There are 2 protein chains.
Amino acid sequence: MNNNSGNDKTMTIHDVARELGVSASTVSRAISGKGRIGAATRDRILDYIEEHGFYPNAAAQSLAQSKTNNIAIILPEVNTLVDMPFFHTCMYGVEEVAQANDYDIIVVTTNGNDTKPLERLIQNRKVDGMILTRTYENDKYVKFLKQKQIPFVAVGKFPDDDVVQVDHDNVGACKELVTVLFAKGIQNIAYLGSNMDQMVNRCRYQGYEEAYRKGKRKLNQDLVYTDLSNKAMVEKAVEELKKSGVECILCQDDYICDEVVRKLARMGVRIPDQMKVASCHYSRILENYPVTITSLKFNITELGRRSCQVLLDMIHGKTVPDKTLLDYEIILKESTKG
Amino acid sequence: MNNNSGNDKTMTIHDVARELGVSASTVSRAISGKGRIGAATRDRILDYIEEHGFYPNAAAQSLAQSKTNNIAIILPEVNTLVDMPFFHTCMYGVEEVAQANDYDIIVVTTNGNDTKPLERLIQNRKVDGMILTRTYENDKYVKFLKQKQIPFVAVGKFPDDDVVQVDHDNVGACKELVTVLFAKGIQNIAYLGSNMDQMVNRCRYQGYEEAYRKGKRKLNQDLVYTDLSNKAMVEKAVEELKKSGVECILCQDDYICDEVVRKLARMGVRIPDQMKVASCHYSRILENYPVTITSLKFNITELGRRSCQVLLDMIHGKTVPDKTLLDYEIILKESTKG
DNA sequence: CTGAAAGCGCTTACAG
DNA sequence: CTGAAAGCGCTTACAG
């Protein structure tokens, strides 16, 4: 007693064709909107479909059209309170515009080295394109995708010009932040960063450097730490910096900023009186402090959205800009006051 | 000059059949391992495939076999430092076992109300099953999936017996935690929770209640808050509880715990001397405090893994347990000392 | 504007 | 053990 003519198998295009006394081709045209078709027939078909809930089989469409309406989003393996929200939020953004365009997203997590999962997805033709959410200095995935000529976009900067990139202007943002801090009368600013394999980290450091150059100031390399891979190293750096008499510490991200703030608290060093602090990336972690922290703020969801939009444009054969740079905000707070 | 016989189109099963002088059926059998086939032919085919890198077209396989090798994972829209890592970690777990079984995961984010995205995925037959990562008191998705007879598993408890569930034993865990606290000599324990629409929150409260009953203690409803939906409400509750002279506050999750700890600090109330605190869910947020917090600890990745394993079993027609309850740990720390 | 036919790239009874 | 054929459910030139 259901709509399905007493037949419980899922409806096909032929079922609706038969019911309506037209051919399957005509039904297909009505649905796709492609090819000439009479307005009356089209409406009749569309009405029937609407009413009886016909949904085309994705695999059949995919096979016939050589397109999947799937895109892959490649996530790194991360587990910090800074990284997880970043990638998750970015994924939301991607998903939002994918959904809006009738695309689904296939998520794959990788360690940055094993290209097997990625290859399988491509070779089996399960996706029409890919989004790389993190790029490395020498990125295996990028090489593979370029060679396979798969449409893909890299979230984050990449040295090669022929790679389509969507990113926040990390270089410009850090440069401006440091310049602003100089303008506030701060004489020297230390930099604490970690893994320079990641492009985003290189960019931030570059911005810091450029600000020094622009300000015609001499950058003392003793104030620069770019390979702090754990808490102990950050703590040691903070101790050394305190002794050195530097006025301000610029943190590559909130993970490092978090350690810095805690360490200073344990040392009894007051922010900003005895040490100023700023971070290159605002995340909710910063909300937890008694003292508010000066930082750069990026719109991560928008980053995801734009990446997806650019990828879809590529897939649909439109020409897209090689680089899309998103804006940033500089949030000045207590931690750099005075 | 590539391996592809000078032809740049992607290889099909017929190409390898022709090269090897066998039929497409035989190639198919060699790959799938199904149907009788001579060991020699099989090896010859497999070697060729290995060497020349043939990958079957997923859409074609999907169409012929009516299965997609995709599963969907439904994520709620969340943005707190507690929720995002939870769902992200769970997703990792799912992805890990999906990958290992040659399944891909399609991620869809929903607000819990709009069933459209879910429906599309099902109706177009893009997935073989689904994982619901959050369940609600009256879950629309559950209803839809049951009606459609799609294999699915709910992460978290669900009242209906005919819904396959994978969950931590939230009830038992909270019950035991509260019982342990009683055993330490604490006389009364307040409960701070939020949205009771979510099953997980109901469970935790239920465990708390059961511990009271088991201990034959009278539960004073003035000590119970179950609808704190923002910071201000939590703060007010903390103030009232401090006045009431209660000894210990049990927090439904770390989001609430975070607010409680901060509020107590601002009030100048020392933990654990002047107020004890415990949380029903350990997340990295708790690592940030100067005082360590007693809490329940769950293995979220494992939750994801098991959910996926159960779903795959269902898809493959095995019988699976209606409920899979994962273990928990009780971590006693400073915050409940003395 | 519409239909019949071939094709997308696999799988799987059915013969042999 | 292996092959020819039909079928999965669409799309799309090609005729008319």
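Residue numbers start from 1 in every chain, and the chains themselves are labelled A, B, ... in the order their sequence lines are given, proteins ahead of strands. Small disclaimer: the values here were computed from a predicted structure and weren't measured. Note: hydrogens, waters and symmetry copies are ignored here, and every other heavy atom, side chains too, is used.
Taking atom CG of B/N69 as the reference point, atom P of C/dT11 lies 11 Å away to the nearest angstrom. Atom CZ in B/R42 sits roughly 16 Å away from atom P in D/dG3 (whole-Å rounding). Atom CG in A/L20 sits roughly 11 Å away from atom P in C/dG3 (whole-Å rounding). Look at CG on B/N57: it is 13 Å from C1' on C/dG7, rounded to the nearest Å. If you measure from atom CD1 of A/I31 to atom C1' of D/dG9, you get 11 Å, rounded to the nearest angstrom. Remark: P of C/dC10 and NZ of A/K126 are 14 Å apart, rounded to the nearest angstrom. Separating the CZ atom of B/R36 from the C1' atom of C/dT11 is a distance of 18 Å, rounded to the nearest angstrom. The separation between B/H14 atom NE2 and D/dA4 atom C1' is 10 Å, rounded to whole Å.
Ring orientation note: the planes of A/H88 and A/Y92 are nearly perpendicular, at an angle over 60° on the 30°/60° scale.
Contacts of A/H14 classified as ring-ring contact (aromatic ring centres under 6.0 Å, His included), with partners at least two apart in sequence or in another chain: none.
In this structure, A/R44 does not pair ionically with A/D47, as no charged nitrogen and carboxylate oxygen lie closer than 4.0 Å. In summary, A/K143 and A/D160 do not engage in a salt bridge, as defined by a charged side-chain N under 4.0 Å from a carboxylate O. A salt bridge is absent between B/K323 and B/D167; no separation between the charged side-chain nitrogens and carboxylate oxygens falls under 4.0 Å. Classification of A/R120 and B/D102 as a salt-bridged pair holds, one side-chain N sitting under 4.0 Å from a carboxylate O.
Closest approach to the B/I13 side chain among C/dT2, C/dC10, D/dC10 is made by C/dC10 (side chain taken as heavy atoms from C-beta onward).
With a 6.0 Å radius and a threshold of 12 heavy atoms from other residues, nucleotides or ligands, B/K146 has its NZ atom above the threshold. Annotation: B/K157, atom NZ; neighbour count of heavy atoms from other residues, nucleotides and ligands within 6.0 Å does not exceed 12.
Nearest-nucleotide positions on DNA chain D for A/A60 and B/V22 put B/V22 closer to the 5' end. Residue whose closest nucleotide on DNA chain D sits further toward the 5' end, between A/P56 and B/T41: B/T41.
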Can you give me the dot-bracket string for DNA chain D, 5' to 3', counting Watson-Crick and G-U wobble pairs with both distances under 3.5 Å, using [ ] for crossing pairs and | for partners on another strand?
|||.||||||||.|||
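A sub-4.0 Å separation between OP1 or OP2 of C/dG9 and a side-chain N or O of B/Q61 is absent. Contact annotation: B/S23 reaches the phosphate of D/dG3 (side-chain N/O to OP1 or OP2, under 4.0 Å). Remark: B/S62 is not in phosphate contact with C/dC10, judged by side-chain N or O atoms under 4.0 Å from OP1 or OP2.
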After noting the C-alpha distance and the side-chain angles of B/Q61 and B/Q65, does the key distance pass the side chain to side chain donor-acceptor pair (under 3.5 Å) rule?
CA-CA 6 Å; B/Q61 287 189 125; B/Q65 303 183 97; 4.6 Å; no
If you restrict it to nitrogen or oxygen atoms, what contacts under 3.5 Å exist between nucleotides 12-16 of chain D and the protein, and what is each distance?
{"unit_1": "D/dA13", "atom_1": "N6", "unit_2": "A/R29", "atom_2": "NH2", "d": "3.1"}

